[in-house]
There are 2 protein chains.
Amino acid sequence: MKALPTTAGGDAGTVTIYDVAARAGVGIATVSRAMNGSAPVADDTRARVLAAVDELGFRPSHAGTSLAARTHAANGIVFPDLSGPYYAEVLLGYEEAASRLGRSVLVLATHGRPDADAAVRDLAGRVDGLVLLGRTVTDETIAGLGDLPVVVVARPVLAGVDSIRTDNLTAARALGEHLAGHGLRRVVLLGSPDESPDVAERWRGVRDGLVAHGVEPTVTPCLFDEESGTRVAAGLLAVRERPDALVCANDEIALGAIVAAEEIGLRVGRDVAITGWDDVMAARHARPALTTVRQPMRTLGALAAEVLDERITKERTTPRHESLATALVVRDSCGLHP
Amino acid sequence: MKALPTTAGGDAGTVTIYDVAARAGVGIATVSRAMNGSAPVADDTRARVLAAVDELGFRPSHAGTSLAARTHAANGIVFPDLSGPYYAEVLLGYEEAASRLGRSVLVLATHGRPDADAAVRDLAGRVDGLVLLGRTVTDETIAGLGDLPVVVVARPVLAGVDSIRTDNLTAARALGEHLAGHGLRRVVLLGSPDESPDVAERWRGVRDGLVAHGVEPTVTPCLFDEESGTRVAAGLLAVRERPDALVCANDEIALGAIVAAEEIGLRVGRDVAITGWDDVMAARHARPALTTVRQPMRTLGALAAEVLDERITKERTTPRHESLATALVVRDSCGLHP
DNA sequence: ATGAAAGCGCTAACAA
DNA sequence: TTGTTAGCGCTTTCAT
């Protein structure tokens with residue numbers, strides 16, 4: 001389609017720095033300098049160069065630049081999965097911050113694939129830094145990344161690697177105590193703690209809060225989606241001595257559990273308490289509205305981008321570890337509040 | 001951290017194809033051939049090369065490869081915004097398909113920035129193809145992308161450019177007729193049609209369906225988020241001759257409108273009908289559950305990746321235009337259904 | 001089947 | 001201030 005003029009003998013269609021240099025009557029180094037401001041250039045020379053750039057529609061090849069400058073001006077973010085509001089929000093915060101810092105963003109979702117480590121290593125080859133969420137790759141793979149700046153999010157701290165997490169413990173404990181305060185006794189924690197270090201920590205906290213009031217919860221494994229929530233909760237609630245509280249690992253499980261409870265005629269918040277985690281949009285629109293824990297998801301993503309950038313620019317060389325506050329959001333699904 | 005052995009005199013830390021070649025006792029061309037299978041290599045030679053690759057932990061530099069091979073093995077996707085479930089789902093479908101096709105994914109959100117066009121042009125320099133959602137950039141910018149494969153989603157067809165859209169018209173008309181069937185007369189369409197060609201088409205369809213039953217709707221501009229939905233709906237519902245139906249451009253506006261209605265004591269589905277568009281998770285968990293139109297968001301993303309890939313691989317050279325079916329999902333927010 | 005060598009488009013020393 | 005030139009790490013002819 002585009003048939004821009006090419007001064008040098010290149011194939012029409014690809015304008016290189018040589019074309020610009022020829023057109024402006026200067027050397028290629030001057031073009032580079034004029035465009036990047038990496039060294040002083042006479043005003044009128046610069047003007048001529050920029051005019052040529054404009055006329056030819058020149059845009060530097062990224063491959064050439066990154067090969068020569070040994071930098072990619074891009075960083076990656078790796079998710080275990082991309083579904084659900086949680087990851088979407090984190091990505092949103094990340095992209096915003098990264099692009100503000102002048103870096104492109106590469107996304108990768110591992111979907112629990114067996115070749116996830118290879119995919120991440122490949123991604124590592126095209127970025128200046130990497131953010132890794134949760135259990136996406138093995139510790140060995142991270143170590144194998146060499147000196148590539150890495151920030152892990154919601155994953156146990158690794159020697160020398162920056163990390164960002166949310167403080168699950170405090171809110172979890174508060175949730176446990178709140179539930180005990182409602183007089184709930186048969187509490188089931190819904191969600192597999194070994195799938196995610198985050199969840200393990202939450203269950204620890206909730207249990208702490210509960211035990212302080214003499215209640216010992218049990219754990220039932222469950223995948224982190226709505227459908228699983230409905231299915232597992234249905235099984236749990238069907239028995240005679242059914243639980244009077246379902247504490248779910250995320251809002252989607254909880255929302256699914258609400259469906260299961262209502263299907264068998266239970267009134268959520270009266271006959272059974274159900275709580276979630278994350279405070280996604282659906283949590284506040286559900287009726288009864290979902291008691292949950294708010295995580296600063298967007299901030300999490302943005303902070304990851306910033307922490308990573310500090311490493312890439314070598315503005316900082318020692319590890320940084322951040323923990324973001326969470327907040328218990330009490331609504332109606334855990335019991336009546338006058 | 002990593003201190004892998006380097007045979008050639010390069011800086012420790014970066015293993016190049018020369019190191020591998022030296023170690024295996026072959027030329028660099030043979031290493032390239034052995035790794036890519038681009039030409040026959042003797043079995044024992046290949047074995048030696050691969051062993052060296054393994055021992056040295058060699059991983060080809062992307063910049064080098066893409067400069068020499070004139071390809072990026074990556075493609076980009078540009079969103080007007082990344083917030084909300086709609087875009088998250090589209091991205092999910094896209095990433096999945098793209099990575100299945102062996103391509104990395106670069107995301108960019110324009111957030112209505114004035115320099116969006118420049119950002120997109122920059123992105124264009126590092127990918128083999130681009131998916132553009134909605135009104136992210138001007139037609140001129142797209143044309144200026146030259147022969148870079150481009151797929152536009154939810155945007156009017158452009159000469160020679162592949163496009164994917166959802167069929168707004170059919171479901172919109174059905175929605176209009178359904179609403180008229182409820183006996184609703186004062187219908188307001190909430191959402192700015194000039195912001196999005198998609199919305200314009202929806203309003204056209206809804207109006208068609210309504211007018212067939214003698215109802216003429218009015219349009220009230222509104223941004224596409226929940227907070228705006230609440231604010232604008234509150235204003236609309238406060239007047240004496242208030243509307244008896246609020247048809248919203250997306251679910252988030254609708255959910256916000258429900259909040260506004262309930263705040264002034266109106267019963268949604270009885271005193272006022274409210275409908276959305278997209279069928280996000282919150283739509284089915286809201287009470288009353290939201291009547292809306294389901295869009296195949298994930299499929300939209302996946303299809304975009306596939307259509308783009310056909311162009312990149314030159315498997316197809318003529319434009320392709322797809323329209324995906326949508327479905328009216330009737331729940332309780334538009335009126336009582338026995 | 002293999003090696004030597006010529007680029008790919010750019011940045012950055014080094015000269016002038 | 002500017003031009004020349006040597007790479008950056010790879011793919012791909014062209015010889016052999």
Side-chain angles (χ1 to χ4, degrees), chain A residues 6-50 52-53 56-74 122 124-126 128, chain B residues 6-11 13-50 52-53 56-73 122 124-126 128:
Chain A
T6 308
T7 309
D11 329 81
T14 315
V15 183
T16 76
I17 197 171
Y18 288 94
D19 302 316
V20 176
R23 173 107 171 194
V26 300
I28 59 166
T30 301
V31 176
S32 177
R33 291 176 192 123
M35 293 192 71
N36 309 325
S38 50
V41 171
D43 284 356
D44 57 323
T45 310
R46 182 198 325 285
R48 253 184 311 139
V49 169
L50 296 183
V53 165
L56 298 175
F58 171 63
R59 297 185 334 86
S61 141
H62 251 291
T65 308
S66 91
L67 185 55
R70 304 160 147 286
T71 173
H72 298 276
D122 181 80
R126 43 169 74 212
D128 298 324
Chain B
T6 307
T7 310
D11 330 81
T14 315
V15 183
T16 76
I17 198 171
Y18 287 94
D19 302 316
V20 177
R23 173 106 170 195
V26 300
I28 59 166
T30 301
V31 175
S32 176
R33 291 178 190 121
M35 293 193 70
N36 309 325
S38 51
V41 172
D43 283 357
D44 57 324
T45 310
R46 182 199 325 286
R48 251 183 313 138
V49 169
L50 296 183
V53 165
L56 297 175
F58 170 62
R59 296 186 335 87
S61 141
H62 250 292
T65 308
S66 91
L67 185 55
R70 305 159 147 286
T71 172
H72 298 276
D122 181 81
R126 41 168 73 209
D128 299 324

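As the structure is a prediction and not an experimental result, all values here were calculated from the model. Note on naming: letters A, B, ... go to the chains in the order of the sequence lines (proteins, then strands), and numbering restarts at 1 for each one.
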Could you tell me how far apart [X] ([atom1]) and [N] ([atom2]) are, to the nearest whole angstrom?
| X | N | atom1 | atom2 | result |
| --- | --- | --- | --- | --- |
| Asp19(A) | dG9(C) | CG | P | 9 Å |
| Met35(B) | dC10(D) | CE | C1' | 11 Å |
| His72(B) | dC8(C) | NE2 | P | 15 Å |
| Leu67(B) | dT12(D) | CG | P | 12 Å |
| Asp43(A) | dT1(D) | CG | P | 9 Å |
| His62(B) | dC10(D) | NE2 | C1' | 12 Å |

Inset, instruction - List the steps and the verdict of side chain to side chain contact (heavy atoms under 4.5 Å, CB included) for Val49(A) and Val41(A). - result: CA-CA 10 Å; Val49(A) 169; Val41(A) 171; 5.9 Å; no
For the [atom1] atom of [X] and the [atom2] atom of [Y], what is their distance to the nearest 0.5 Å?
| X | Y | atom1 | atom2 | result |
| --- | --- | --- | --- | --- |
| Ile28(B) | Arg33(B) | CD1 | CZ | 10.0 Å |
| Asp128(B) | Arg70(B) | CG | CZ | 12.5 Å |
| Tyr18(A) | Thr16(A) | OH | OG1 | 7.5 Å |

Inset, instruction - Classify the nucleic acid contact of Gly25(B) as base, sugar-phosphate or nothing, counting any heavy atom under 4.0 Å across all strands shown. - result: sugar-phosphate
Inset, instruction - Kindly say whether His72(A) contributes a backbone atom to a donor-acceptor pair with the side chain of Arg126(B) at under 3.5 angstrom? - result: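 Yes, Arg126(B) side chain to His72(A) backbone: donor-acceptor pair under 3.5 Å.
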Can you tell me if [X] touches the phosphate of [N], counting only side-chain N or O atoms and a distance under 4.0 Å to OP1 or OP2?
| X | N | value |
| --- | --- | --- |
| Arg70(A) | dG9(D) | yes |
| Thr30(B) | dG3(C) | yes |
| Thr45(B) | dA1(C) | no |

Inset, instruction - Looking only at side-chain atoms of Ser61(B), point me to the closest of dC10(D), dT1(D), dC8(D). - result: dC10(D)
Inset, instruction - Determine the minimum heavy-atom distance between Leu50(B) and Ala34(B), stating which atoms define it. - result: CD2-O, 4.5 Å
Inset, instruction - Before giving the answer on side chain to side chain contact (heavy atoms under 4.5 Å, CB included), spell out for Arg23(A) and Val20(A) the whole-Å C-alpha distance, their side-chain angles and the decisive distance to 0.1 Å. - result: CA-CA 5 Å; Arg23(A) 173 107 171 194; Val20(A) 176; 5.7 Å; no
Can you pull every protein N or O that's under 3.5 Å from an N or O on nucleotides 11-15 of chain C?
from: dT11(C); atom 1: OP1; to: Asn36(A); atom 2: ND2; distance (Å): 3.0
from: dT11(C); atom 1: OP2; to: Ser32(A); atom 2: OG; distance (Å): 2.8
from: dA13(C); atom 1: N6; to: Arg33(A); atom 2: NH2; distance (Å): 3.2

